[in-house]
Protein chains: 2
Amino acid sequence: MDDVMAPPGRALKHVQVREYVRTLVGGSSPGSPAPSERELVQRFGVARMTVRQAMDALVVEGLLERIPGRGTFVARPRRTASKITGYTEEMTRRGLLAESQTLLARREQAGPGVARALSLTEGDAVIHWRRLRRADGVPMCLEDAYLNEVLLPGFLQQGMPTSLYDSLDARGLRPTWAEDSITADKATAEEAGLLEVEPFSVVLRHSRRALCDDKVVEVSRTVYRADRFTLWVQLGQDC
Amino acid sequence: MDDVMAPPGRALKHVQVREYVRTLVGGSSPGSPAPSERELVQRFGVARMTVRQAMDALVVEGLLERIPGRGTFVARPRRTASKITGYTEEMTRRGLLAESQTLLARREQAGPGVARALSLTEGDAVIHWRRLRRADGVPMCLEDAYLNEVLLPGFLQQGMPTSLYDSLDARGLRPTWAEDSITADKATAEEAGLLEVEPFSVVLRHSRRALCDDKVVEVSRTVYRADRFTLWVQLGQDC
DNA sequence: TAGTGGTCTAGACCACTAT
DNA sequence: TAGTGGTCTAGACCACTAG
């Protein structure tokens, strides 16, 4: 436990109780009982409101479920909506080897469309990064990403990473919200050549505008080979 | 206020405080201050923990934001993930007139694929509903929906509604979670004829498996004209 | 009847912000 | 210095569930 290393007097009591309960029920199956509130009052020598504060957090989080008159139990995991992922994560999740070949990585002046999408002014400096991306060695898609240079100082000088989303993560800019549009189309001659398919083959076009809090961190357009790629999306209410 | 009609002794105090604050800050813009906790203690003559319980609920809900040392303020609305919608809702949202023509609506025995997707056994009774759907009079997509007859008793006898999702809503079966897959493809000859496009035109195929709690309420396959339809998806973290 | 969560009180001290 | 939210105490009564 991390708590061993922490100054003992510093840890908040409701946090201590919360983390105790979390580790206690960590591996339990849904429906298993959690300790009763009064039991935790005894064990930690705290007031009941303190225990309730701890348990409330776990209930909001979806780990526990209260049943009046019966007790508190491990909740069944909520079905979750899709994480916002990039190509590397997604292909890895599918058990494929993700590789990328940078075709272009440079500073450009934003055109009207890209400027609007990035919430910038036309002519502002943006990073344009074009990659041919493979899965298990076979061309899968061609991606054009546009990034706000102000948010990513020194990005082009640091050598391009494999995963854009890892880089964003490292800078605390992991997208928290994204709007995607998806269409079916035919490949242009250039796209077909790079993707190694016949000209005018069917492709899936995927555009994304990704935000971290209120900052637009990525605008991208990706064209996928339709014969190799299916897009999966999970949607959830609430949360 | 609803409270006027409610038995005065019945309303829980933290609910009274919560709803008072909700209506008070209802129309306010983000950043507006909410009453301080001690001010509400005075106004309602309750303990501070009761006020905190009320405010906690509004914070979890995303309406309020606490800033230690400063006060409690109206939060900026969270960006939300896409609602799970059907065709009628989606087209209406886009300002188009949604119309449907039922091509088939009957009881069938589930084949292996549909049975698995609906969490049924092969041969179980399912409802198969095929519709040609128009937007502003022009064919937009062809949809095959498969429904669990046990969850929708008398569905076929009641005359087919325009919106499946409205019917599900009315029965308390509005989907809370959905998994979609999206691919690009070419239309079959039959599809092309119904959609009034050239044979082998590019289409967008969209499959959905929608659940309400743990019940599979809809399994569908839809083929959209690529020249008329773009799919939009919003993704959010947490929620 | 004993145990559970739900609600509620009337205080207290703390760190932080703003003036 | 005054006001705010964050944390915490040591009780209390209620409705409900289960044996």
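Chain A is the first sequence line, chain B the second, and so forth, proteins listed ahead of strands; every chain is numbered from 1.
- Taking atom NZ on B/K13 and atom P on C/dG6, their separation rounds to 19 Å, with Å as the unit.
- Residue-to-nucleotide proximity on DNA chain D shows that, of B/T72 and B/M49, the 5′-proximal contact is made by B/T72.
- Partner assigned to C/dT1 is D/dA18, using Watson-Crick or G-U wobble distances below 3.5 angstrom.
- A/F44 places its CZ atom 16 Å from the C1' atom of D/dT7, with the value rounded to the nearest Å.
- A donor and an acceptor atom never sit less than 3.5 Å apart when one is taken from the side chain of A/R48 and the other from the base of D/dG11.
- Under 4.0 Å is where a charged nitrogen must lie from a carboxylate oxygen, and between A/E89 and A/R174 at least one such pair does.
- Paired with A/L173 under the rule side-chain contact (heavy atoms from CB on, under 4.5 Å), one option of A/D213, A/L168, A/L211, A/L147 passes, and it is A/L168.
- Applying the 4.0 Å criterion to OP1 and OP2 of D/dT9, one finds that A/T50 has a side-chain N or O inside that range.
- Ring geometry for A/Y224 against A/F229 counts as parallel: the plane angle stays under 30°, on a 0 to 90° scale with 60° as the upper cut.
- Whole-Å rounding puts the A/I67 CD1 to C/dG6 C1' distance at 14 Å.
- In this model, the phosphate group of C/dG3 is not approached by any side-chain N or O of A/S36 to a distance below 4.0 Å at OP1 or OP2.
- D/dT9 and C/dA10 make up a base pair, with Watson-Crick or G-U wobble contacts both under 3.5 Å.
- For the pair B/E37 CD and D/dC8 C1', the interatomic distance rounds to 14 Å; values are reported in whole Å.
- Within the structure, a side-chain polar atom (N or O) of B/R70 is placed less than 4.0 Å from OP1 or OP2 of C/dA18.
- Rounded to a whole Å, the CD atom of B/Q53 is 10 Å from the P atom of C/dT9.
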